[in-house]
Amino acid sequence: MFSSFDKPIVITGANASGKTAIALRIAKEIGAEIISADSRQIYKHLSAGTSKPAGRWINKENPVYIVDSIPYHLVDFIDPIETYNVAKYIYDFKNCLLKIKTRKFIICGGTGFYINSIFNPLDPMPESNKHIRNQLREYLDKYGKEKLHEKLKELDPVSAKKIHPNNVHRVIRAIEVSILTSKPYSSLISNNIFNPKSYSNAFFVFIKWSRQLLSKRIKQRTKEVFNHWEREIKDMITNGYPIDCPGLKSLGYPIMIDYIENKISRDKAIELIVKESMDYAKRQNTWFSRYESTKIEINEEKEFDIDSIANNIISRYEISCNNSNK
RNA sequence: GCCGCGGUAGCUCAGUGGUAGAGCACUGGUCUGAAAAACCAGGUGUCGUUGGUUCGAUCCCAACCCGCGGCA
């Protein structure tokens, strides 16, 4: 997939771990463009709450989002009213590669599933079907989770064993695919979606903060963007976006909406957002620790020095490129 | 000083004469078109201290310590 490029650098880490700043610094140094792997920064109008890097669109014919003079792809291009998913991301990612003018690029983001799917392609399968999902939802409301799970057991006992009855999302998806293809969902899955070999096509970096420091940083960041975030949501509502549209379901947004509707105080909103962000950071760290990667650990504030981290990554990256050329 | 109430997990508390539990917090994990989603699993402990009664006390009794309230 990357044959016309040098080995890409992949910068992963939890939210607020400083991925973007580091990626930009490296991009400038080595002459690379950046591709985002973030399921929320794709949305237009969602900026404060998603920490989307501030940039501007140039070139009307062939628009490019520029952040600090670096082309930054796959952000700020989907309307918040639209749902998005991995398959769309992979499609957009491939198209994006055609637009990149440098030999090097950096993948930067916190959506592990998207990053993984770049290196381990999804098995061919039908996309989601609104009609079937609605039917299954109705069935669920009427008969409950257990009955829905039994339905899956009839169609695909293997998946039924793997998917917990409470995990309604996955149960529905498995039934949906089984119905659409007339084959058990499990029979379409190749089971090597986490093949470690495929990651050697790239240089993975994992920025891992100590929990305490990250929590402090998230709190600070939440306070800093709070007013801007509030304004952002109010503007969207004024412009007719329903409060339950896909974009506004992003982490923290429903809490901000409760605050705007005077259901909770400002302090309470900040507290809840920090908590949810930390829960999410935990899941991200679990995901990223499965990759073999160059780990940058930050246990003290002073260790977060963007220049020295970037230089450290670049030198290790160059060594890794030389080794794989031999 | 006296009277009353309380002291059990990080927090809020429940509970029992046979050495403990709930919620939240916390920790670990799963992941194939909703992934900032949706799920799963797991503990946390001198039961305030010291004695006494008892085969056995976190539980009953006493003293003491600490907190809260009331009366002086």
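Chain letters run A, B, ... following the sequence lines, proteins first and then strands; every chain starts at 1.
A 3.5 Å limit on both hydrogen-bonding distances identifies no Watson-Crick or G-U partner for B:U19. Of all nucleotides present, only B:C68 satisfies the Watson-Crick or G-U wobble test against B:G4, with each distance under 3.5 Å. Nucleotide B:U27 is matched to B:A41 when pairs are restricted to Watson-Crick or G-U wobble geometry with both distances under 3.5 angstrom. The base-pairing partner of B:A62, taking Watson-Crick or G-U wobble contacts with both distances under 3.5 Å, is B:U50.
The aromatic ring centroids of A:Phe2 and A:Phe119 lie less than 6.0 Å from each other.
Taking atom P on both B:C61 and B:G7, the two are 14 Å apart, rounded to the nearest angstrom. B:C59 sits 24 Å from B:C2 when the P atoms are compared, rounded to a whole Å. Of the P atoms belonging to B:G10 and B:U46, the separation is 7 Å, rounded to the nearest Å. Nucleotides B:C60 and B:G70, compared at atom C1', are 28 Å apart to the nearest Å. Separating the C1' atom of B:U8 from that of B:U12 is a span of 12 Å, rounded to the nearest Å. For the P atoms, the distance from B:A38 to B:C47 is 40 Å, rounded to whole Å. The same atom, C1', is picked in B:C13 and in B:U50; the two are 27 Å apart, to the nearest Å. Atom name C1', nucleotides B:G15 and B:A72: the rounded distance is 37 Å, in whole Å.
An OP1 or OP2 oxygen of B:A35 is reached within less than 4.0 angstrom by a side-chain nitrogen or oxygen of A:Tyr114. In this model, the phosphate group of B:U32 is not approached by any side-chain N or O of A:Tyr89 to a distance below 4.0 Å at OP1 or OP2. For the pair A:Arg283 and B:A37, the criterion of a side-chain N or O lying under 4.0 Å from OP1 or OP2 is met. For A:Lys249 and B:A34, the shortest distance from a side-chain N or O to OP1 or OP2 is not below 4.0 Å. Residue A:Lys162 places none of its side-chain N or O atoms closer than 4.0 Å to OP1 or OP2 of B:U30. Close to B:C26, at under 4.0 Å from its OP1 or OP2, lies a side-chain N or O of A:Arg211. Side-chain N/O atoms of A:Ser117 include none lying less than 4.0 angstrom from OP1 or OP2 on B:G33.
Residues A:Glu33 and A:Lys101 are not paired through a salt bridge, judged by the lack of any N-O separation under 4.0 Å between the basic side chain and the carboxylate.
If you measure from atom CG of A:Asp38 to atom C1' of B:A35, you get 11 Å, rounded to the nearest angstrom. Rounding to whole angstrom units, CG of residue A:Leu122 and C1' of B:U32 are separated by 5 Å. Distance CG (A:Asn116) to P (B:U30): 12 Å, rounded to an integer number of Å. We find that CG of A:Leu251 is positioned 10 Å from P of B:A38, with the value rounded to whole Å. Between A:Lys282 atom NZ and B:U30 atom C1' the separation is 12 Å, expressed in whole Å. Whole-Å rounding puts the A:Tyr253 OH to B:A37 C1' distance at 16 Å. Taking atom CD1 of A:Ile172 as the reference point, atom C1' of B:A35 lies 16 Å away to the nearest angstrom. Counting to the nearest Å, the C1' atom of B:A35 and the CD atom of A:Gln41 are 15 Å from each other.
Comparing B:C26, B:C40, B:U30 by their closest approach to the side chain of A:His164 singles out B:C40. Side-chain proximity of A:Thr286 to B:C39, B:U32, B:C31: nearest is B:C31. Of all nucleotides listed (B:U30, B:C39, B:A34), B:U30 comes nearest to the side chain of A:Arg170. Considering only side-chain atoms of A:Arg290, the nucleotide from B:U30, B:A37, B:U32 that sits closest is B:U30. Listed nucleotides B:A34, B:G33, B:A35 differ in distance to A:Arg137; the shortest reach to its side chain belongs to B:A34. In this structure, of B:U30, B:G33, B:C26, it is B:G33 that holds the atom nearest to the side chain of A:Arg133. For A:Thr111, counting side-chain heavy atoms from C-beta on, the closest listed nucleotide (B:G29, B:C26, B:A35) is B:A35.
Taking the side chain as every heavy atom from C-beta outward, A:Asn195 and A:Ser198 approach each other to under 4.5 Å. Contact of the A:Ser47 side chain with the A:Glu232 side chain is registered, since non-hydrogen atoms from C-beta on lie closer than 4.5 Å.
Geometric assessment of A:Lys44 against the ring of A:Phe77 yields a negative cation-pi assignment under the 6.0 Å and 45° thresholds. For the pair A:Arg283 and A:Trp287, the cation-pi criterion (under 6.0 Å, within 45° of the ring axis) is not fulfilled.
Regarding the sugar-base torsion, B:G43 falls in the syn class, its angle being within 90° of 0. Taking 90° from 0 as the syn/anti boundary, the base of B:G33 is oriented syn.
Stacking of the aromatic ring of A:His169 onto the base of B:A34 is found: the ring centres lie under 5.5 Å apart and the planes are inclined by under 30°.
Using a 4.0 Å heavy-atom cutoff across all strands shown, A:Ser277 reaches no nucleic acid atom at all. Heavy atoms of A:Gly252 sit nowhere under 4.0 angstrom from any nucleic acid atom.
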Inset, instruction - Determine, stepwise, if the pair A:Arg316 / A:Asn312 fulfils side chain to side chain donor-acceptor pair (under 3.5 Å). - result: CA-CA 6 Å; A:Arg316 295 211 230 169; A:Asn312 181 355; 2.9 Å; yes
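Each of A:Phe194 and A:Asn85 was assigned the nucleotide of RNA chain B with the nearest heavy atom; the assignment lying further toward the 5' end belongs to A:Phe194.
Of the possible polar contacts, none joining the A:Asn116 side chain to the A:Gly112 backbone as a donor-acceptor pair under 3.5 Å is found.
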